[in-house]
Q: 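I'd like to ask you about the structure that follows.
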Amino acid sequence: MKKKFIVIILLLISFITTNNYACFAEQANSSVPKMLQDIKGKDELTGYINKIESIRANISTIDISPATAKEKPDEIKKQINLYLSELSAIQNSLKNFDKKYSDSQSDLL
């Protein structure tokens with residue numbers, strides 16, 4: 001009997017915590033004002049942010065150690081320059097994005 005009671009309480013607790021996360025997500029969506037839900041270029045901007053995240057994740061794959069720095073300095077330099085050029089391209093895209101939407105309503109969150 002005691003084990004059944006404990007199992008029932010654990011199930012109730014898990015249902016309550018699962019439901020709370022859903023409620024918080026619904027509140028977060030409803031707390032954003034209507035005029036800010038339709039920000040111009042939102043998908044384009046999220047695309048740039050996702051590209052930056054992937055570059056940051058991939059840049060850690062460059063193996064730089066004293067041994068590899070002596071053995072493959074040109075390859076390491078090539079990899080670093082590749083990531084720098086990708087970041088530079090995103091920076092230029094963000095500047096163009098800023099020019100493109102400079103006349104839009106300011107997006108203050």
Side-chain angles (χ1 to χ4, degrees):
M1 182 70 180
K2 195 174 189 180
K3 289 182 181 180
K4 288 182 182 179
F5 181 70
I6 291 173
V7 169
I8 291 172
I9 288 177
L10 289 175
L11 286 173
L12 287 174
I13 289 173
S14 68
F15 288 133
I16 290 171
T17 56
T18 305
N19 193 18
N20 278 344
Y21 293 125
C23 290
F24 288 133
E26 289 175 15
Q27 285 178 345
N29 285 340
S30 65
S31 65
V32 177
K34 182 87 172 161
M35 63 185 248
L36 293 181
Q37 289 177 351
D38 300 322
I39 296 174
K40 293 181 182 178
K42 179 176 71 173
D43 296 332
E44 189 178 352
L45 192 57
T46 12
Y48 295 140
I49 291 171
N50 290 336
K51 285 180 187 177
I52 292 170
E53 285 178 359
S54 71
I55 291 172
R56 287 184 66 195
N58 292 336
I59 204 165
S60 64
T61 61
I62 300 175
D63 184 27
I64 300 176
S65 66
T68 58
K70 290 179 183 176
E71 295 171 4
K72 310 177 204 175
D74 294 331
E75 184 179 328
I76 293 172
K77 187 176 181 179
K78 188 189 310 181
Q79 289 176 337
I80 291 173
N81 286 334
L82 173 73
Y83 288 118
L84 288 175
S85 66
E86 288 180 17
L87 286 172
S88 178
I90 292 174
Q91 184 180 21
N92 291 337
S93 299
L94 286 171
K95 286 178 183 176
N96 291 336
F97 178 86
D98 191 30
K99 290 177 187 176
K100 183 177 179 182
Y101 295 109
S102 64
D103 62 340
S104 70
Q105 184 176 2
S106 62
D107 306 322
L108 301 175
L109 296 177

Q: Tell me whether I59 shares a hydrophobic cluster with I64, the cluster being built from Ile, Leu, Val, Met, Phe, Trp, Tyr side chains joined at under 4.5 Å.
A: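 Yes; I64 is reachable from I59 via cluster members.
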
Q: So, for I55 and Y83, which heavy atoms are closest and what is the spacing to 0.1 Å?
A: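 The answer is CG2-CD2, 3.9 Å.
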
Q: E44: which residues meet the salt bridge (charged side-chain N to carboxylate O under 4.0 Å, His left out) condition with it, sequence neighbours left out?
A: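 Checked E44 against salt bridge (charged side-chain N to carboxylate O under 4.0 Å, His left out); matches are K100.
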
Q: Is S88 reaching over with its side chain to a backbone N or O of S85, donor-acceptor style, under 3.5 angstrom?
A: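 Checked: no pair found.
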
Q: Could I get the full list of side-chain contact (heavy atoms from CB on, under 4.5 Å) partners for L84, not counting sequence neighbours?
A: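 Here the qualifying residues are I80, N81.
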
Q: Rounded to the nearest 0.5 Å, how far apart are OG1 of T68 and NZ of K70?
A: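 Rounded to the nearest 0.5 Å, the OG1-NZ separation comes to 10.5 Å.
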
Q: Just by modelled atom types, is the L94 backbone N or O under 3.5 Å from a matching donor or acceptor in the D98 side chain?
A: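 Answer holds: no.
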
Q: Kindly compute the distance separating CG (N50) from CG (L45), expressed to the nearest 0.5 Å.
A: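 Here the interatomic distance stands at 10.0 Å.
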
